[in-house]
Amino acid sequence: LLCASGDFVKMYSVATEETLRVMGGHADLVTGIQLNPHNHMQLYSSSLDGTIKLWDFMDGIPIKTFTVGSKLLALYALPSSEDSVFVVIPKSGERDTFQLVSVKLTKAAGQDLEAKELSVVLDGVNASPKYIAFGREGEYVASVKEVDLQVYFFKQKQLNRFCVSAVKTKSGNNQFTCIACHPTEDCIATGHADGKIRIWRNFYHKKEYTYSTLHWHHDTVMDVAFSVEGTSLLSGGVESVLVLWHNESDCQKDFLPRLGSPIEYISMASDGTLCCTLHTDNRITIINSNLRFARSIQGLIKSANVKTGLVVDPRTKALVLNGEPGHLQFYCLQSDQQLFSLDIVQRQYIHQAGLNQADLVKVAFSAQGKWLATVEEREDVTDPELQLKLWFYDEEIQSFKLNTSINMPHEDQITDMCFRDMDELEDDSLILVTTGRDCMFKVWVMVEDADPDAQHIVSWSCDFIGSYHNYQPTNCCFSEDGSVLAVSFEETVTVWDSVTWDLKCTFCHPPGKIRKICFGRLTCSKYLIGASDDGFLCCWNLLSCALEWSAYLNVVVLQPDPLSEHIAAVSWLSKESSLFVFKPNEPRPIYIQRNLCREKIQLAAFVPRDEPETIGSEKYLWLRRSQLFFLTDTQELMTLSTKSLQERLTPASKQLAVEESLPVTPFSLLLGKHRRQQSQEDIDFGKLFVHNKCEQDSPAIKELLHTPAHVLPSASFLCPIFINSLLISKENKSAEEVADEVEMESEKTEDDSDEERDVTEMEQEDTSPQELLGETTCKLSKSQEKELRKIRKIDYSWISAF
Amino acid sequence: AMAAALCAFSPRDCRFFAISGPDGRLRVWETASSRLQQEYVPSAHLSAACTCLAWAPPGGRPPPSKDGPQRKKRKSEVAEVDKQLDILAIGTAVGSVLLYSTVKGELQSKLYGGHDNKVNCVRWHQDNCCLYSCSDDKHIVEWNTQTCKVKCKWKGDNSSVTSLCISPDGKMLLSAGRTIKLWDLETKEVYRHFTGHATSVSSLMFTTVKPMNENKPFDGITGLYFLSGAIHDRLLSVWYIRSDRKEKNAVMSFTVTDEPTFIDLTVSEVKEEPVKLAVVCRDGQLRLFEHILNGYCKKPLTSNCTIQIATPGNDGDSTPKPVPILAAAFCSDKQSLLLVYGNLLQPIIEKVALNTSESHICLIRDVQKALSLRTDVAVTKVKTPVVNSDTKVLVPGVPGHSTAVKTPSSGKEKKKNKRKPGETEVNIEERLEALDIDVSKVKTPGGLPQTDSFAVLLVQGLESNDAEILNRVLNTRKENVIKNTVARMPIHAVIPLLHEVGKTAFLVLASLMVRWLKSVFTLHASYLSTLPDLIPQLGMLYQLMESRVKTLQKLSRLHGRLFILVTQVSSN
């Protein structure tokens, strides 16, 4: 299964869900991928960077690059047009109008080629690949935009336009949303925003066209696709149900419900055995031909807003954040795969817009991962519904178990939550603190219930409620030893004794409100760091109760490393994010990385490494014990790598190259032999043909060979004649022959590759590659690694305030 | 007999666990989520059953030249990880070796023509892509996995060769049938002999990568220790490779209670660092050893720690049953252990922190429940955490939902944290005492219960904490009775009464309790105002009232809406 993902084209194994290959080379988003219709081992890909690349995807090698020039938004390749592909490009001069053009791909040798021969096929099309489809054997192309359907017949050079009246239906929104053409008949299926599917026939008549309507979806039809034989039609939408329509009739249909999230694209395998759906939550589901769920390839689930922050589960070392609505996803960073997702809310999610449904807003783990606290919230205009749940990890059944559920722990939204991180040898020292908009912070402790069975059943209850001059608390955190709790109330940070709950001292740095606070670790545990709204980073000494230092820095993320003294601060200034790493005991940063990325960084997390890494460069020493991950506004997960590009590439290419050699079965032997023979013949014929021609048409050579040596003129005289004789003369060398030769060559290479793969033809057919039609606009937020090799000299100017 | 070799963890990070079950299918499990990653059925799984498994080492050979300069410019670490644990070598009972790609999920190659009997052990060379296999046909075969041809084949023993191990530098090979031989891989000549096992050796492993004595120059093999285990043998032997040819017995041995079936160890790199050894025995228990290797040790060492797993068996008649441990591996941090337990077809994989301070650890695991929770994970990866009915639910007003607000100004007097509300309870003796007195008191008036006896009953109930008596008293609806009771009760019972009223307000109609409160406050206000600790004493009650008052607005709004609805329904 091939799929476009960001700047890459990824190849997955349908059998194992594993990434087989990542093909990179495009400089911008890949917008379309299509198998080469003439060679199913090759793939065309188009990108916003204006190039079309031809890949050998089995080896992951780019064969050719065609530079078109303008942005390419979608790509189509047809078996009937041999040397050209179709792309959608923006119309020059006009904004937001696009045209479908055919691009002639030159057959010249060389890797980087220009493709400038463009001819416009259709004007005024939509940019998304879902809105254009090519009909039976490439005879016509159909495009939809808003309420218009255009069909262009290549042979007749005829353009028919149809339109559905926008005001006809009550809902008023019957705009086209997707289109698919029947593979063998003249029939077009279109999906509409009101949930209807129309099947168009007889569209070569401008007036006498007919259409029938299929209606099941209650909301927009996101994509439609015909099966390979064309007997059935698949459609999907926000309901996250895949509908299979038999024989284009309204009554015969099958469903595959509960696919998790809205379906965005549907694609069929070329042999019709599998189909796959792409979902809005960054997942591909592979479905059998008998409509049974087979596999799913899951990336990092994108959720509208990561309210939970990035939390590391101490038990699995996985990154925990919002997943599907109401779920918590556990994402394994080592394998870059989702481990599992935990259904916390346990309520049916209704796929419909405009409903307020409960979602997770806060998550906290205790130090050993034994306790998990979650806060779910259902936003309401008048009063939000809140629930704080405390889950206990029951080792007996290897699962989390709900221990205490607290309704409305605060009267308003919860702003922060943290556990007291202490070694849990003495269990009842565990303390949870929540801060709410209702101007209070609550301390929750475990109590043993007096149970008649004398069993030690613990549950949580409130121990203390604190407030400070009726200000809203925003953040809370415990010091490393757990003796002191810091809660920030607007401009003030208050420090509380965690045994007696006495207010110990307050710090403030007016006029800015406190945005983030954290304590130093290890040797720096006496320091409290706070970042304020007005762009100051302050460090207070808890022993002297005085400001140690402050610096002018607009910090958006403040993240302490749990295993070292280092604290990472990400600033957001003039549209770029910069990273500063410092120790609280000295006011100068250890590491600065300016221009980390263009997007605003939302969250960051230090993830402890399994083993401390050996790091040569002193600059990266702070990354020895933990790795730093960032999540940006566009939900891309990034990390800092200490290794240079080369170092990281070497292990990748160091794969075990085990040749495929499977024992020959009689059948494959027969087939393979036959094929090889055929190809051999082809090659032989070709050679003979050329050879004959040369011999016939070159009297010069005859002369050369038959003349006695002593009467021959000098070699320099004979040379041009000989060379000329080898060239094929102009009159009987038409353009067709050139094409033939080129084709022959490509055939030869194909055959070579066939031989290389030995006689595994049978195996290959079973798992013949499928492709995912133009999965373009979806940008998978895989943990894309930032290249951070160019480190600028440390700039101390930012501490000017100091 | 070779059940030990039928499962293997993927190298380095133990991300996958491959196990070949008795049904001939190969299953690969993801260790972190203990999820079935893939299942592979070899085409001849019944006739040519799998006999041994080995993952290809991480890293491997430099890339083939055809990849040229047009390699991908950027690549995420994803692909790297997968590539490194790409291939699994499977030895079969008929003598062929299958190479299976776990990334592609398909058979990569089949190596045949090397053995004509059961393959007993396969081992990958860590640097070049050679594979070594040994068989019941007494031979050892060196395969070139690139060409899938036999590179070299030589007779390894006079009987079947059962185990292999490649030295850390990759230049020597240990083989074992009855006797252990150390081969020079270049010349294929025997370098050393080690004898000592009475039965055929089932496992061989190097325990050190460099000699403990750093003074001498290291030739790659001299000074290293290795470990061997044999079938039906309760001793694991450790051997020392000496520079001279004096064949010696094992330098030391570890004793286990049953035949070892799976062994994993952490290689010690520093002299002071102990070798950690995890041995899974046939009896399903795991023995952990920790020992600093340093020459001879006459006495066999016993394990530092034993881990076993049992079902809880607390529901009804079922007694705890042992759950067999199938395999164990040390995590890369050497501080935790991956345990595989349960049955072969559906094992459970769990990470356990290493704690050798206790000599015997019994983990209680409800395997049935854990498996039932996992069933849907195979399809969607969504796990549903357990929600039982015995979950404590706190709603506003319930004790424990909140406490009195303490502002910094008022927070002067602080009581010590009370974690256990039960602590203040009177002991049973006192209760009995109180009861005795009360009973006598009740008896004195004789005759029919009057309002006076209600007060006595109440006091009695409060002191003995008897729910039945209290219910009877507090459920009185007559206002007059309540008033009289409150008036006659002793003053020291006022506070307990208020507490009790607060508590019962959740269980029964709160409107009943309001009457009690009203009369208490009207009659005993003067007493209450004299109490110094009134605020903490009545805090709970106050919160209850507050939280109930807060919902009043919502309730009246709901009431209004329902009223409109109902009237419209009836009018229609």
Side-chain angles (χ1 to χ4, degrees), chain A residues 13 15-16 18-20 22-25 61-62 293 316 332 334-336 338-343 391 396-402 404-408 428 447-448 450 459 461-462 464-468 500 502-503 610-611 649 651-663 782 785, chain B residues 13 15 32-33 38 56 59-60 63-64 70 72-76 78-83 86-87 99 103-105 108-110 129 145-146 148 312 332-333 364-366 369-370 373 377 379 381-387 391-396 400-403 405 407-408 414 419-420 422:
Chain A
S13 162
T16 63
E18 297 276 325
T19 319
L20 291 183
V22 180
M23 289 175 270
I61 307 165
F293 181 91
T316 56
C332 180
Q334 279 81 36
S335 59
D336 196 17
Q338 193 196 36
L339 280 184
F340 54 87
S341 69
L342 207 59
D343 186 2
W391 305 84
E396 245 180 55
I397 52 171
Q398 298 283 305
S399 161
F400 279 104
K401 201 171 174 180
L402 185 62
T404 307
S405 121
I406 301 160
N407 279 329
M408 296 303 290
D428 53 338
V447 290
E448 255 173 55
S459 69
S461 82
C462 185
F464 174 73
I465 296 177
S467 67
Y468 183 78
T500 59
D502 279 330
L503 181 65
D610 278 346
E611 319 164 60
L649 264 181
S653 47
K654 253 192 178 179
Q655 49 173 296
L656 248 161
V658 175
E659 287 294 315
E660 286 192 357
S661 91
L662 292 177
K782 281 275 174 187
E785 289 226 351
Chain B
D13 58 353
R15 210 188 126 203
S33 56
Q38 54 186 296
Q70 278 282 326
K72 44 231 89 151
K73 301 232 159 48
R74 283 197 280 172
K75 191 156 188 183
S76 64
V78 194
E80 295 170 32
V81 176
D82 292 337
K83 287 289 158 0
D86 196 350
I87 291 163
L99 299 184
V103 171
K104 289 181 187 160
Q108 190 93 5
S109 348
K110 187 173 178 181
C129 50
T145 53
Q146 269 189 299
C148 303
S332 49
D333 59 354
I364 294 163
R365 298 289 179 264
D366 197 339
K369 217 166 187 178
L373 281 174
V377 181
V379 184
K381 285 191 175 180
V382 175
K383 280 189 180 177
T384 311
V386 184
V387 178
T391 306
K392 177 140 188 181
V393 179
L394 295 180
V395 292
H401 187 272
S402 60
T403 60
V405 183
T407 47
K414 285 287 179 298
R419 294 281 153 76
K420 293 174 189 172

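Naming: A, B, ... by sequence-line order, numbering from 1 per chain. Just the heavy atoms: all of them, side chains too, but no hydrogens, waters or symmetry mates, feed the values below.
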Novice: Got a second to check how far A/W391's CH2 is from B/T391's OG1, nearest 0.5 Å?
Specialist: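 It is 8.0 Å, given to the nearest 0.5 Å.
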Novice: Determine the minimum heavy-atom distance between A/T19 and B/V103, stating which atoms define it.
Specialist: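 For A/T19 versus B/V103, the nearest heavy atoms are O-CG1, 3.9 Å.
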Novice: For a quick test of reading the model, state the closest non-hydrogen atom pair linking B/K104 to A/T16 and the distance between them.
Specialist: C-CG2, 3.8 Å
Novice: Between A/T404 and B/L394, does the side-chain contact (heavy atoms from CB on, under 4.5 Å) criterion hold? Intermediate values first, please.
Specialist: CA-CA 7 Å; A/T404 307; B/L394 295 180; 4.2 Å; yes
Novice: Taking all non-hydrogen atoms of both residues, which atom of B/A32 and which atom of A/L339 are closest, and how far apart?
Specialist: CB-CD2, 3.3 Å
Novice: Between A/F340 and B/S33, which heavy-atom pair has the shortest distance, and what is it?
Specialist: CD2-CB, 4.2 Å
Novice: Give the member of A/S341, A/S459, A/S13 that has the highest number of heavy-atom pairs under 4.5 Å with chain B.
Specialist: A/S341
Novice: Please examine the side chains of A/E396 and B/K369, heavy atoms only from C-beta on, and report whether any two atoms are closer than 4.5 Å.
Specialist: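 With C-beta onward as the side chain, the pair stays apart.
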Novice: Name the member of A/S399, A/S405, A/S461, A/C332 that forms the most heavy-atom pairs with chain B at distances under 4.5 Å.
Specialist: A/S405
Novice: Is the closest side-chain heavy-atom distance between B/V386 and A/I397 below 4.5 Å?
Specialist: yes
